[in-house]
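Quick caveat: nothing in here was measured; it's all calculated off a predicted structure. Throughout, a chain's letter reflects where its sequence line sits, starting with A, and its residues are numbered from 1.
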Number of protein chains: 2
Amino acid sequence: MTEAEHRSLERLEVRQRQLRRGAVLVRENEGAGELYVLKRGMLMSYVLLDDGSRQILRFHFPGDMLAVSGLVYRRSPETVVALTDTVVCPFDRAEMTGIVTEHPRLAAIIMAVNQMERVALTDRLAALGRTSAKGRVAALLLEIRNRMRVLDKGIDGTFTLGLTQEEIGDATGLTAVHVNRMLRQLEDDGLLSREAGRVTFLNEGALARMANYTDRFSGIDLSWLPAAR
Amino acid sequence: MTEAEHRSLERLEVRQRQLRRGAVLVRENEGAGELYVLKRGMLMSYVLLDDGSRQILRFHFPGDMLAVSGLVYRRSPETVVALTDTVVCPFDRAEMTGIVTEHPRLAAIIMAVNQMERVALTDRLAALGRTSAKGRVAALLLEIRNRMRVLDKGIDGTFTLGLTQEEIGDATGLTAVHVNRMLRQLEDDGLLSREAGRVTFLNEGALARMANYTDRFSGIDLSWLPAAR
DNA sequence: CGCAGCTTTGAGATCGTTCAATCGTCGTGG
DNA sequence: CCACGACGATTGAACGATCTCAAAGCTGCG
């Protein structure tokens with residue numbers, strides 16, 4: 001990126017807000033208006049259904065933009081909550097106007113990132129619609145580990161999940177009880193081991209196969225991006 | 001939109017291609033490169049899993065852009081197939097470069113549409129993860145009817161679905177057999193009636209409630225869009 | 001020490017699938 | 001005009017995956 005592009009993005013990060021684990025950043029159905037860049041920590045967004053059940057839609061990692069639906073909807077379609085202590089940088093959606101106008105290439109990059117997020121969502125949709133409980137849990141573990149590894153190259157087969165089994169269930173469309181059983185099965189099958197919240201992959205290939213997991217990080221091609229202004 | 005913006009968009013539609021029902025526009029894992037604007041007809045996109053099962057990800061209606069993942073991925077992550085006879089307008093992704101550079105407001109509008117699509121996907125995710133089979137079928141019917149109504153104001157409680165029960169199943173994560181039973185139940189419950197492929201909603205409120213359906217068409221706010229250049 | 005929240009395990013109930021058979025419709029070829 | 005075949009819709013019966021309910025066990029924290 002050019003100097004000017006960097007300066008423009010940094011303008012989104014002048015303010016900072018700290019959140020404790022469990023703090024709500026945006027609440028479903030409440031007025032949106034502000035967007036955020038995630039600086040440090042991990043969050044999730046979810047919706048609540050009429051019967052009180054919860055579907056976790058996405059996990060957020062540093063570098064992600066949060067509450068982007070505020071660009072379109074007057075009220076947020078989803079709740080965003082901190083899973084760890086986090087630092088976010090709020091900015092007004094009017095800032096977006098400036099970026100798009102002055103830096104077409106940044107606009108294009110944002111569109112590209114949107115597509116990647118969309119594909120990640122469709123992968124999860126296929127998992128919920130067409131794979132077994134065991135496969136879904138495996139897919140979630142792989143996805144989160146891979147997501148963490150993008151930012152921390154040191155992570156390999158062992159990592160700290162940082163989710164309760166109830167949260168895993170709400171992300172995969174399962175019950176906490178059944179998540180527990182699936183984790184035990186994966187362990188009994190010799191595919192992973194667990195201790196004190198840390199997960200170790202023992203047979204990543206087999207996990208990926210049973211999860212129908214597709215790596216989307218390779219195969220990216222951004223050659224169409226416009227030149228920097 | 002301004003004159004110039006219209007001209008720019010029309011440049012995407014200079015070429016036209018006709019497709020028969022069943023024709024494949026883009027095949028999963030094959031080289032992408034071209035994007036499309038859907039002019040007439042209806043398509044779907046789906047992925048195939050290792051065990052041969054299929055998850056339908058989305059239905060496409062006139063005005064939609066198709067195969068947009070070609071902006072990012074060298075190989076298409078999904079297959080796109082015509083559900084009716086259709087007309088699409090192929091354009092090169094390099095055209096996108098021009099639009100983003102010359103018309104920031106169009107870039108912003110495209111970003112807004114992306115968000116709306118993303119929210120539609122998360123609604124389906126919540127449906128697959130956390131609602132009953134009957135609710136999912138009802139949600140699909142409502143979604144498609146509402147989508148059709150955007151383009152054809154004449155449509156009310158009665159419409160032609162144009163999907164087989166197997167397709168409904170692949171979209172909702174169910175078996176064709178079970179879709180059949182759920183449709184029968186919805187009928188027996190007095191919520192809808194069917195004949196010759198046409199569906200009539202008899203109690204739309206109850207359908208929406210059982211489907212946990214949220215109307216996203218209202219509540220849209222695009223006031224942040226930059227001025228036209 | 002004692003509570004609160006998370007994990008673990010068992011037993012039985014439910015929902016959705018699988019397998020198999022029948023029926024209807026429509027287009028094709030004779 | 002009719003027979004045939006393909007495909008989709010429909011229905012029944014049995015099976016199996018996942019849920020629900022209930023009871024412990026574990027861990028960290030005030």
Rounded off to whole Å, could you give me the [atom1]-to-[atom2] distance for the [X] and [N] pair?
X: A:Asn180; N: D:dT20; atom1: CG; atom2: P; value: 15 Å
X: A:Met210; N: D:dA17; atom1: CE; atom2: C1'; value: 14 Å
X: B:Asp188; N: D:dT10; atom1: CG; atom2: P; value: 12 Å
X: A:Arg181; N: D:dT18; atom1: CZ; atom2: C1'; value: 9 Å
X: B:His178; N: D:dC15; atom1: NE2; atom2: P; value: 19 Å

Enumerate the residues from residues 122-138 of chain B whose closest heavy atom to DNA chain D is under 4.0 Å, giving them by residue number; use none for an empty result.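 Nucleic-acid contacts, sorted: none.
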
Compute the angle between the rotation axes at the two ends of the helix from C:dC1-D:dG30 to C:dG30-D:dC1, each taken over five pairs, rounded to 10 degrees.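 Both end axes considered, the difference amounts to 30°.
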
Touch check for A:Arg184, heavy atoms < 4.0 angstrom, all strands: base, sugar-phosphate only, or nothing?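 The residue A:Arg184 makes sugar-phosphate contact but no base contact.
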
Any salt bridge (Lys or Arg N to Asp or Glu O under 4.0 Å) involving residues 73-82 of chain A? Give me the pairs, sequence neighbours left out, ordered by first then second residue.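 Counting only pairs at least two positions apart or across chains, the salt bridge (Lys or Arg N to Asp or Glu O under 4.0 Å) contacts touching residues 73-82 of chain A are A:Glu78-B:Arg118.
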
Just so I know, are the side chains of [X] and [Y] near enough to count as touching, which here means a heavy-atom distance under 4.5 Å?
X: A:Val72; Y: B:Val119; result: no
X: A:Arg130; Y: B:Asp170; result: yes
X: B:Leu186; Y: B:Leu207; result: yes
X: B:Ile220; Y: A:Tyr73; result: yes

Extract all donor-acceptor atom pairs below 3.5 Å that involve side chains of residues 32-40 of chain B and protein atoms in other chains or at least two apart in sequence.
{"residue": "B:Glu34", "atom": "OE1", "partner": "B:Tyr36", "partner atom": "OH", "Å": "3.4"}
{"residue": "B:Glu34", "atom": "OE2", "partner": "B:Arg15", "partner atom": "NH1", "Å": "3.3"}
{"residue": "B:Glu34", "atom": "OE2", "partner": "B:Arg15", "partner atom": "NH2", "Å": "3.4"}
{"residue": "B:Lys39", "atom": "NZ", "partner": "B:Glu13", "partner atom": "OE1", "Å": "3.1"}

One pair to check against side chain to side chain contact (heavy atoms under 4.5 Å, CB included): B:Leu43 and B:Phe59. What are the steps and the verdict? CA-CA 6 Å; B:Leu43 300 88; B:Phe59 297 100; over 6 Å; no

I'd like to know if the side chain of [X] reaches the main chain of [Y], judged simply by a donor and an acceptor atom lying under 3.5 Å from each other, with no hydrogens or angles considered.
X: B:Arg124; Y: B:Ala171; result: yes
X: A:Glu167; Y: A:Thr164; result: yes
X: B:Gln115; Y: A:Leu71; result: no

Quick one: list whatever passes salt bridge (charged side-chain N to carboxylate O under 4.0 Å, His left out) with B:Arg194, sequence neighbours left out.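 Scan of B:Arg194 (salt bridge (charged side-chain N to carboxylate O under 4.0 Å, His left out), adjacent residues dropped) gives B:Glu187.
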
Atom pairs and distances, donor-acceptor, side-chain atoms in residues 131-138 of chain B, under 3.5 Å, two or more places apart:
{"residue": "B:Thr131", "atom": "OG1", "partner": "B:Ala127", "partner atom": "O", "Å": "2.8"}
{"residue": "B:Ser132", "atom": "OG", "partner": "B:Gly135", "partner atom": "N", "Å": "3.1"}
{"residue": "B:Lys134", "atom": "NZ", "partner": "B:Gln185", "partner atom": "OE1", "Å": "3.2"}
{"residue": "B:Lys134", "atom": "NZ", "partner": "B:Asp189", "partner atom": "OD2", "Å": "2.7"}
{"residue": "B:Arg136", "atom": "NE", "partner": "B:Thr131", "partner atom": "O", "Å": "3.2"}
{"residue": "B:Arg136", "atom": "NH1", "partner": "B:Thr172", "partner atom": "O", "Å": "2.8"}

Atom pairs and distances, side-chain donor-acceptor, residues 80-87 of chain A, under 3.5 Å, sequence neighbours left out:
{"residue": "A:Thr84", "atom": "OG1", "partner": "A:Met42", "partner atom": "N", "Å": "3.0"}
{"residue": "A:Asp85", "atom": "OD1", "partner": "A:Arg21", "partner atom": "N", "Å": "2.9"}

Going by heavy atoms closer than 4.0 Å, what residues in residues 157-176 of chain B are next to DNA chain C?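 Here the set is B:Gly173, B:Leu174, B:Thr175.
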
Neighbours of DNA chain C within residues 48-60 of chain A, by heavy-atom distance under 4.0 Å: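 Output list: empty, so none.
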
First and last nucleotide of DNA chain C in contact with chain B, 5' to 3', at under 4.0 Å to a heavy atom: what are they?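 The footprint of chain B covers C:dG16 to C:dC19.
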
Summary of side-chain hydrogen bond (donor to acceptor under 3.5 Å, both in side chains) pairs that have at least one residue in residues 143-155 of chain B, sequence neighbours excluded: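 As it turns out, the side-chain hydrogen bond (donor to acceptor under 3.5 Å, both in side chains) pairs with a partner in residues 143-155 of chain B, which skip direct neighbours, are B:Asp64-B:Arg147, B:Arg145-B:Glu204, B:Asn146-B:Tyr213.
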
With sequence neighbours left out, what residues match B:Phe159 under ring-ring contact (aromatic ring centres under 6.0 Å, His included)?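 In terms of ring-ring contact (aromatic ring centres under 6.0 Å, His included), with neighbours along the sequence ignored, B:Phe159 is linked to B:Phe201.
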
Give a yes-or-no answer on whether the side chains of B:Arg198 and B:Thr160 include a donor-acceptor pair shorter than 3.5 Å.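 There is such a pair (donor and acceptor under 3.5 Å, judged by atom type) between the side chains of B:Arg198 and B:Thr160.
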
